Amino acid sequence: MYDFINGNEYAPAPESTAIVNIKKKYGLYIGGKWVDAQGKKTFETINPANQQVLSKVADASKADVDAAVKAARKAFEGEWSSISGAERGKYLYRIARILQERSREFAVLESMDGGKPIRESRDIDIPLVAAHFFYYAGWADKLDFAFPGAGIGGQKVKPVGVVGQVIPWNFPLMMAAWKIAPALASGNTVVLKPAETTSLTALLLAEVIEEAGVPAGVVNIVTGAGDTGKFVVGHPDVNKVAFTGSTCVGKHILKSVAGTDKSYTLELGGKAAHIIMDDAAIDQAVEGIVNGIFFNQGHVCCAGSRLLVQEGVADKVVKKLQKRMETLIVGNPLDKNTDIGAINSKEQLAKIKSLVKTATKEGATVWQPGTSVPRKGNFYPPTLILDCAQSHTVVQEEIFGPVLTIQTFRTVNEAVEKANNTQYGLSGGVWSDKGAKVFKLTDNVKAGIMWANTYNAFDPASPFGGFKESGIGREGGLHGLYPYVKFNA
Ligand code: NAD
Ligand code: MN
């Protein structure tokens, strides 16, 4: 992503914020209209890189969520149910194209509200968001052929109804796309609640949905914190719940849907093992490790947060990794050279600091490069935790920051055992030159996604989701449509 002029690195100016028109205040998007929360309550959303208030956002109450669900029900039973799959597909294609046209605006806003480096929001998040809408647009008119055996005995593929969706702050727009695109493709209507620190791109997406001419009430966006989320998943007229967030909240949601006829998918936390075999291409593996843990400040559910490296190459890998980490730039998310942006919130920064402290208390060694870190704003340097044991808190618990634990192993079996020894089972990675080793590891590590000789590679056609306490159900690909359809005569 660098421009080279006569061999010298040319550092472009930070991305201009003038491209986005951030309103002073945002309402809720309900039934195709922008409305205040009924009690007029609002909360502030800030830029975590400088603590500046960006805007005020409506805080939706139970009554607001009820209004949103009613609007979604009305749209589901009215106009939306009478249009063909091909027509629904057209709306999704339109959304995808407008997203591409307005991608710079979205990228800048995503980085301002959430803290991620502009290089990532511009080159990864927003393009993947558009790709997701394009992908599901393609399925909208093919549902009758999508599910093997579904047509037998006169069964028809039907939407489940009104879906309540709650998403986290780490990939705000991407998570909104993962939720909304398959729901609409299969004919459902939506009430979506973004995370409280990153509501702005979901609200801008509502504008795009409006611009695309999607009928009123098909997509409703309600902003607020945990209580608003509770009202969405707990609403009796919601047919399906889709949640992405922490395992802790996921367990509460599972309890709240128990005994109801709501269907649900839960995409929860992770603590992925990133396994380096001694025959791996070390330089590439080091780049993979860096991408695996420092992408999006490590605020990634599938982050390669536990490095497992085979004893014979452990010293070499750690030395090369440390050398590479000395070059990482921590700072202004809007600077195109930034590698690690701002930590999403003060709370998250405090959590990272406290877990790293625990590591020292439990006997591990903390290593950080000499990188300078801005004093103002929420920043944390890339960090390694050496000399750790499987029982250490930092090896077992999700840190959700730029912090990598390092352990060694001797045999493939030992790597598998260590990789599986957590409550999570979302993702993992393996670097090896030998196909047999790759397959032995990818077959035996209990994780929904395994990458080989790459990491954090995403594609809308590929299903994503966890085993164990990392969740239930899949998003993406054809698998991602199953939770949004039912098979009836
Ligand atoms: P979180 O669970 O605190 O919050 C997620 C969302 O749930 C937010 O919108 C929040 O307002 C809402 N919420 C909070 N309490 C609620 C309740 N009782 N009922 C309903 N909604 C409630 O998670 P977070 O801190 O925003 O996100 C980080 C977590 O998300 C990490 O654990 C990460 O691994 C996970 N995550 C998982 C995936 C995946 O696909 N598996 C993807 C991204 C993030
Ligand atoms: Mn914010």
Side-chain angles (χ1 to χ4, degrees), residues 22 43-57 59-60 65 109-116 164-172 174-176 178-179 192-202 222-235 238 241-257 264-272 296 298-303 305 333 342-348 351 378 397-401 423-427 447-449 458 463-476 480:
I22 302 180
F43 62 96
E44 288 177 341
T45 191
I46 64 144
N47 178 342
N50 58 18
Q51 308 289 352
Q52 273 168 14
V53 175
L54 291 172
S55 186
K56 275 188 186 163
V57 179
D59 189 358
V65 170
L109 188 60
E110 194 76 314
S111 284
M112 286 176 80
D113 199 16
K116 65 175 70 205
Q165 307 181 319
V166 177
I167 56 172
W169 43 260
N170 57 341
F171 292 94
M174 195 141 81
M175 291 299 105
W178 283 25
K179 296 279 179 286
L192 175 124
K193 191 200 85 68
E196 48 273 42
T197 56
T198 55
S199 306
L200 297 185
T201 48
V222 289
T223 43
D227 280 344
T228 308
K230 246 189 234 173
F231 302 141
V232 171
V233 299
H235 197 289
V238 160
V241 169
F243 173 75
T244 300
S246 60
T247 293
C248 172
V249 173
K251 285 181 183 176
H252 283 293
I253 291 176
L254 200 50
K255 280 182 201 151
S256 86
V257 297
Y264 53 87
T265 42
L266 305 171
E267 302 274 1
L268 309 176
K271 191 74 184 173
N296 198 29
H299 300 329
V300 182
C301 51
C302 54
S305 54
I343 301 299
N344 185 267
S345 66
K346 273 191 181 147
E347 291 73 26
Q348 187 59 28
K351 186 184 156 193
N378 310 332
E397 279 185 24
E398 192 179 37
I399 302 174
F400 228 56
Q423 61 172 324
Y424 297 112
L426 185 59
S427 61
I449 306 105
F458 302 100
F464 187 98
F467 294 132
K468 293 154 71 179
E469 294 195 7
S470 287
I472 296 165
R474 295 292 177 267
E475 291 187 316

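Fair warning: this is a prediction, and the values are worked out from it, not measured in the lab. Atoms within each ligand, like the ligands themselves, are counted from 1 in listed order.
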Contact check: [X] vs ligand 1, nitrogen or oxygen atoms, below 3.5 angstrom:
X: H252; result: no
X: G245; result: yes
X: I167; result: yes
X: L268; result: yes
X: T244; result: no
X: S470; result: no

Exam field: side chain T228 to backbone A60, donor-acceptor pair closer than 3.5 Å: yes
N/O donor-acceptor pair under 3.5 Å between D59 side chain and G224 backbone: no
Metal check, the Mn ion (ligand 2) vs T197 N/O/S, cut-off below 2.8 Å: yes
N, O or S atom of I46 closer to the Mn ion (ligand 2) than 2.8 Å: yes
Over 12 foreign heavy atoms within 6.0 Å of CZ, F464: yes
Derivation and outcome, side-chain contact (heavy atoms from CB on, under 4.5 Å), residues F171 and V300: CA-CA 8 Å; F171 292 94; V300 182; 3.8 Å; yes
Contact check, P194 vs ligand 1, heavy-atom distance below 4.0 Å: yes
For [atom], find the nearest protein heavy atom and state the residue, atom name and distance (0.1 Å precision).
atom: atom 25 (O) of ligand 1; result: W169 NE1, 3.0 Å
atom: atom 44 (C) of ligand 1; result: N170 ND2, 3.3 Å
atom: atom 28 (C) of ligand 1; result: F400 CE2, 3.5 Å
atom: atom 1 (P) of ligand 1; result: S246 OG, 3.6 Å
atom: atom 38 (C) of ligand 1; result: C301 SG, 2.9 Å
atom: atom 14 (C) of ligand 1; result: G226 CA, 3.5 Å

Of the choices [options], which has the non-hydrogen atom that lies closest to [atom]?
atom: atom 27 (O) of ligand 1; options: G250, C248, S256, P168; answer: P168
atom: atom 10 (C) of ligand 1; options: E475, E347, E196, K271; answer: E196
atom: atom 12 (C) of ligand 1; options: T247, T265, V166; answer: V166
atom: atom 19 (N) of ligand 1; options: K230, E267, Q165; answer: K230

Heavy-atom pair with the smallest gap, counting every atom of Q165 and V232: N-CG1, 3.9 Å
Closest non-hydrogen atom pair between P194 and S199, with its separation: CB-CA, 4.0 Å
Counterpart residues, side-chain contact (heavy atoms from CB on, under 4.5 Å), relative to F231 (two or more places apart): K62, V65, D227
Distance-only donor-acceptor check, side chains K179 and T244, under 3.5 Å: yes
Test ring pair (Phe, Tyr, Trp, His ring centres under 6.0 Å) applied to F458 - qualifying residues, sequence neighbours left out: W451
